[in-house]
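Inspection log for the structure reproduced underneath, given as structure tokens.
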Amino acid sequence: MEQIKEEISRLKREKNAIILAHYYTPQEVQKIADAVGDSFYLSRLAKETKHSILVFCGVSFMGESAKILNPEKKVLLPEPQADCPMAHMASVEKIKQMREKYPNLAVVCYINSSAQLKQYADICVTSSNAVAIVKVLPNSEIYFIPDANLGHYVAKQVPEKNIIVNDGFCPIHKELSVKDVLLAKKTYPDAKVLVHPECLPEVVKLADYVGSTLEIIEYATSNHAKQYLIGTENGVLFELKRKNPNKEFYLISNQLLCTDMKKITLEKVRDCLRDETGQVEVSKELEEKAKIPLDEMLRLGKVIQKEIS
Ligand code: 13P
Ligand code: SF4
């Protein structure tokens, strides 16, 4: 283990590489990463980094977005087979039909999507900026792809718009049930319930706080409660506990495990850095088209941030 870590550090220095990891990756991967974050933070970093090689410890849509935002750089995925099933859960045909039906429609695409889908969208969003972005869009009709649950959550927060949601879902968050939450609340009645907006609307309703992985971590860190019930993938527990050693965190269900994120290992990080394998390739045409909604998200994200501060 120590030897692999040393090899990774050496290769990183020699190749001017940076390692980015999502909070859902295994903790040993989070420990060696230069930056760990949620999808929005990582995509902003990917755009701004000066390193020539980016190792993206996450699922394939994350590496793909990093490559599109940084086409001149080498983006390596330690496990190219790690994929997010939801990233493919929308139909191009349906998007076209919706555009015909609603001429002033904005197609809003959750960043958890393939570039193949993104190219048909007007703007991308992440779980941390979806509500704010949909609110400021000039369009009153929105087609939200691919995640139905995040779509429903946004629709609830932005009632003034007609938000039509597609029927995709995260197979991990979708499995969290009302029963699971009620049972956990019974065991820990004083605990705050924090869930990701990819959970079902009836689960979201029971939460004290709904947010992206980073927002959940920030909420628990600044809140005074001692106990928290966590309704998102178990990888976030590492950062939650690291930042809050005196607080208690309980995963609401043991099923909250993204098997794709867990495919990333230290050995695979070392190997891809050493051999420069797992390179993300996106055709020029697709890159140009899918970059538009991603850039638009980053541009609007900055405007919204300025207005808040
Ligand atoms: P975040 O947007 O919170 O990083 O979540 C990404 C994700 O894959 C949720 O399942
Ligand atoms: Fe995709 Fe769900 Fe895994 Fe997130 S947790 S990467 S949405 S399968």
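These figures come from a predicted structure and were not determined experimentally. In what follows, residues are counted from 1 in the order of the sequence shown. In each ligand, atom 1 is the first atom listed, and ligand 1 is the first ligand listed.
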For ligand 1, which atoms have a heavy atom of [X] less than 4.0 angstrom away?
X    : value
S39  : 1 (P), 2 (O), 4 (O), 6 (C)
H173 : 10 (O)
E198 : 7 (C), 9 (C), 10 (O)
S212 : 3 (O)

Shortest protein contact, [atom] (heavy atom only):
atom                    : result
atom 3 (O) of ligand 1  : T213 N, 2.8 Å
atom 5 (O) of ligand 1  : H196 NE2, 3.3 Å
atom 1 (Fe) of ligand 2 : C84 SG, 2.3 Å
atom 2 (Fe) of ligand 2 : C170 SG, 2.3 Å
atom 2 (O) of ligand 1  : S127 OG, 2.7 Å

Contact check, [X] vs ligand 1, heavy-atom distance below 4.0 Å:
X    : result
T126 : no
E233 : no
Y24  : yes
E215 : no

Which one holds for E198 and ligand 2: side chain close, backbone close, both close, or neither close, with close meaning a heavy atom under 4.0 Å?
side chain
Which of the listed options, I172, T213, N149, holds the heavy atom that is closest to atom 8 (S) of ligand 2?
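Looking at heavy atoms only, I172 sits closest to atom 8 (S) of ligand 2.
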Below 2.8 Å, any N, O or S contact between C258 and atom 3 (Fe) of ligand 2?
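Checking atom 3 (Fe) of ligand 2 against C258, an N, O or S atom does fall under 2.8 Å.
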Mind checking whether I68 and V55 sit in one hydrophobic cluster, side chains of I, L, V, M, F, W, Y counted as touching below 4.5 Å?
no
